[in-house]
Amino acid sequence: MVAFGHDPRCLVDGEEEGDARSEFMDAFGEAQDLVVGRFLDPIEVSWKIKKWLNVGTERRLKKAIADVHAFAMDIVRARRRPSATPSCVEHHMDDVLSRFVASEDEAHSDEVLRDIVLSFLIAGRETTASALAWFFWLLSSRPHVAARIADEVSAVRKSTGTRRGEAFGFDALREMHYLHAALTESMRLYPPAPIDSQSCAADDTLPDGTFVGAGWSVTYSAYAMGRLASIWGEDCMEYRPERWLDDGGVFRPESPFRFTVFHAGPRMCLGKEMAYVQMKSIVANVLEEFVVDVVKDDVAAGGVPEHVLSITLRMKGGLPVKIRRKPEA
Ligand code: HEM
C-alpha cells in the first residue's frame, strides 16, 4: 500500500477462479522458480535453446512474466486515469508510485513505471514474509525470547501511553531495541536474500587484490557469511539476540559489509527501514495479543524446516501455526 497504494491481496485466501490475487501470486511464484531453475540446470545452454524454440519451462516463464507485467501495468494505468490525477496530494495518494507519476522533473513511460512497481513487489513481498516465517520458527523453541519481546512491548506501551491493540508509531517502534536485535539475529542465520549477484561494470580490483573484469559476475552468500566464525565468533551458529545489544540494552548495528543481509554500498536495499517498521509492528502486535504455536511436530521440536532453493529463502510449505489469544492482563 505504501509503495503504490494498491493492496496485492497476498493474504487473501484466493481460491476462487479468476481471482486477481491468486493469478498474480501464482504467476509471480512460477516466474521466480523458473528463473532460478535456469541457474540450476547443469547444461547452461539448455534454457537458451528452449527459449529460442519457445517450449517447456521457457514457454511457461514467458507466460508467467506476461501475467506479472499485466498485473503491474493495470496498477500503473489505474493511477494514470484522469480521476486519479492531477494532484496526488489532493487525492491523498501519497504513495511512491504517485510521486513518480506526478514527478515534474522527469516523465516516465508506462513501462518504466511498471518496472518500478515490479521492483518494489519483488524486493518487498517475499523478503519480509521469509524473514518473519524463520523468525517465528526460531521463537517457537525459544519461549524466553518471545517473553522478553512481550515485556519490552508492554514497557513501550507504558512509556508512550498507548493501549493494547493500538498501532505503534515510529517512535515507539524505535524504542524496541531487543525486538530489533531478535529480528536482526534471525536474519543473520536465515537471510531472506541468501545469495546475491552483481555484474561488474568496468575492470576493478577487490580490496583483497582479486581482479574482476568488466562484465564478470560477482556472487556472495549472505547465508554463508552469516555463519562464519571469523566474523561472528565461535558461537556463530547460536541464535543470540544479545550479540546485537550494548551494555545498556541499546541496539548496536554492524557494518553492512559484515552483515550483508540488506547488501552494502550504493545499491543497498532502499526498503531496509520500511522492512524493520513492518516486521517490528507485526511481531509486536502479534506477541502482545497472541501465543503462536508451530503445529508441525518435527519443526516445533526444533527441527529445521526444509528450505526451497529460490531467490528468497523460502520454507517448504510455509510455517503452519496455531494462534491462541493471550488472556487479558
Ligand atoms: C527483510 C526484508 C528485506 C531484505 C532482507 C532486503 C534485501 C535486499 C537486498 C539484499 C537488496 C540488494 C539486491 C541486489 O542488488 O541484488 C535489496 C535491494 C532493494 N530493496 Fe530490499 N530487502 C528487504 C525489504 C525491502 C522492502 C520492504 C522494500 C520496499 C518495498 C525493498 C526495496 C528494495 C529496493 C527498491 C532495492 C533495489 C535497490 C537498488 O538497486 O538501488 N526491500 N534488498
Side-chain angles (χ1 to χ4, degrees), residues 1-8 10-11 28 32 35-36 38-39 68 71-72 75 94-100 103 108 112-139 170 173 176 179-201 212 216-227 241 244 251 253-284 307-308 310-315 319:
M1 288 296 287
V2 180
F4 35 83
H6 181 97
D7 180 359
C10 295
L11 296 175
F28 193 97
Q32 183 169 297
V35 168
V36 172
R38 282 180 174 179
F39 291 93
V68 168
F71 176 85
I75 296 175
D94 204 15
D95 56 77
V96 178
L97 177 60
S98 296
R99 282 163 187 250
F100 275 106
S103 164
H108 299 289
V112 168
L113 292 174
R114 176 200 70 192
D115 290 346
I116 290 170
V117 167
L118 279 179
S119 65
F120 272 84
L121 268 176
I122 293 165
R125 193 188 78 113
E126 273 200 10
T127 44
T128 40
S130 155
L132 288 174
W134 289 101
F135 178 73
F136 278 110
W137 165 68
L138 280 167
L139 243 54
F170 289 119
L173 292 172
M176 297 178 192
L179 173 53
H180 204 101
L183 280 163
T184 307
E185 177 71 343
S186 166
M187 289 188 286
R188 175 181 72 81
L189 290 167
Y190 297 98
I195 295 177
D196 197 4
S197 276
Q198 304 291 325
S199 181
C200 188
V212 188
W216 293 17
S217 283
V218 178
T219 300
Y220 67 92
S221 167
Y223 186 94
M225 284 182 74
R227 291 155 184 255
W244 295 91
F251 181 78
E254 186 48 90
S255 157
F257 291 93
R258 291 158 70 89
F259 178 69
T260 54
V261 166
F262 291 94
H263 197 44
R267 303 306 297 265
M268 202 175 156
C269 176
L270 285 176
K272 180 180 170 205
E273 299 310 320
M274 190 172 147
Y276 271 107
V277 165
Q278 287 175 353
M279 294 187 297
K280 287 172 81 173
S281 318
I282 291 170
V283 175
H307 302 43
V308 178
S310 187
I311 294 170
T312 45
L313 189 67
R314 298 205 325 249
M315 234 180 235
L319 182 70

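Read the numbers this way: they start at 1 and go in the same order the structure lists the ligands and their atoms. For the numbers below, each heavy atom of this structure counts, side chains included, while hydrogens, waters and symmetry mates do not.
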Practice item. I would like to know whether Phe71 and Leu118 meet side chain to side chain contact (heavy atoms under 4.5 Å, CB included); could you show each step before the answer? Key: CA-CA 9 Å; Phe71 176 85; Leu118 279 179; over 6 Å; no
Exercise for review: Give the atoms of ligand 1, by number and element, whose distance to some non-hydrogen atom of Asp196 is under 4.0 Å.
Suggested key: 12 (C), 13 (C), 14 (C), 15 (O), 16 (O)
**Study point:** Per atom 34 (C) of ligand 1, closest listed option by heavy atom (Ala123, Ala129, Pro191, Pro266)
**Key:** Ala123
**Study point:** Proximal ligand 1 atoms for Met187, defined as those under 4.0 Å from one of its heavy atoms
**Key:** 1 (C)
Point to revise | Closest candidate by heavy atom, reference atom 24 (C) of ligand 1, pool Thr127, Thr312, Leu121, Ile122 | key: Thr127
Review point. Counting from 1, what ligand 1 atoms have a heavy atom of Ala275 closer than 4.0 Å?
Key: 2 (C), 24 (C)
Check your understanding: Is it true that a side-chain atom of Thr127 and a backbone atom of Pro192 form a donor plus acceptor pair closer than 3.5 Å?
Key -> no
Review point. Cation-pi between Arg227 and Tyr190: NZ/CZ under 6.0 Å from ring centre and within 45° of the ring axis?
Key: yes
Review point. Is there a heavy atom in Lys272 that sits closer than 4.0 Å to ligand 1?
Key: no
Practice item. Measure up the Phe259 and Trp244 rings against each other and bin them: parallel (under 30°), tilted (30 to 60°), perpendicular (over 60°). Key: perpendicular
Check your understanding: Is there a heavy atom of Ser119 sitting under 4.0 angstrom from any atom of ligand 1?
Key -> no
Practice item. Could you tell me whether any N, O or S atom belonging to Cys269 is less than 2.8 Å from atom 21 (Fe) of ligand 1? Key: yes
Review point. By number and element, which atoms of ligand 1 are closer than 4.0 Å to a non-hydrogen atom of Val261?
Key: 5 (C), 7 (C), 10 (C)
**Study point:** Parallel, tilted or perpendicular, as decided by the 30° and 60° cut-offs, for the rings of His307 and Trp134
**Key:** tilted
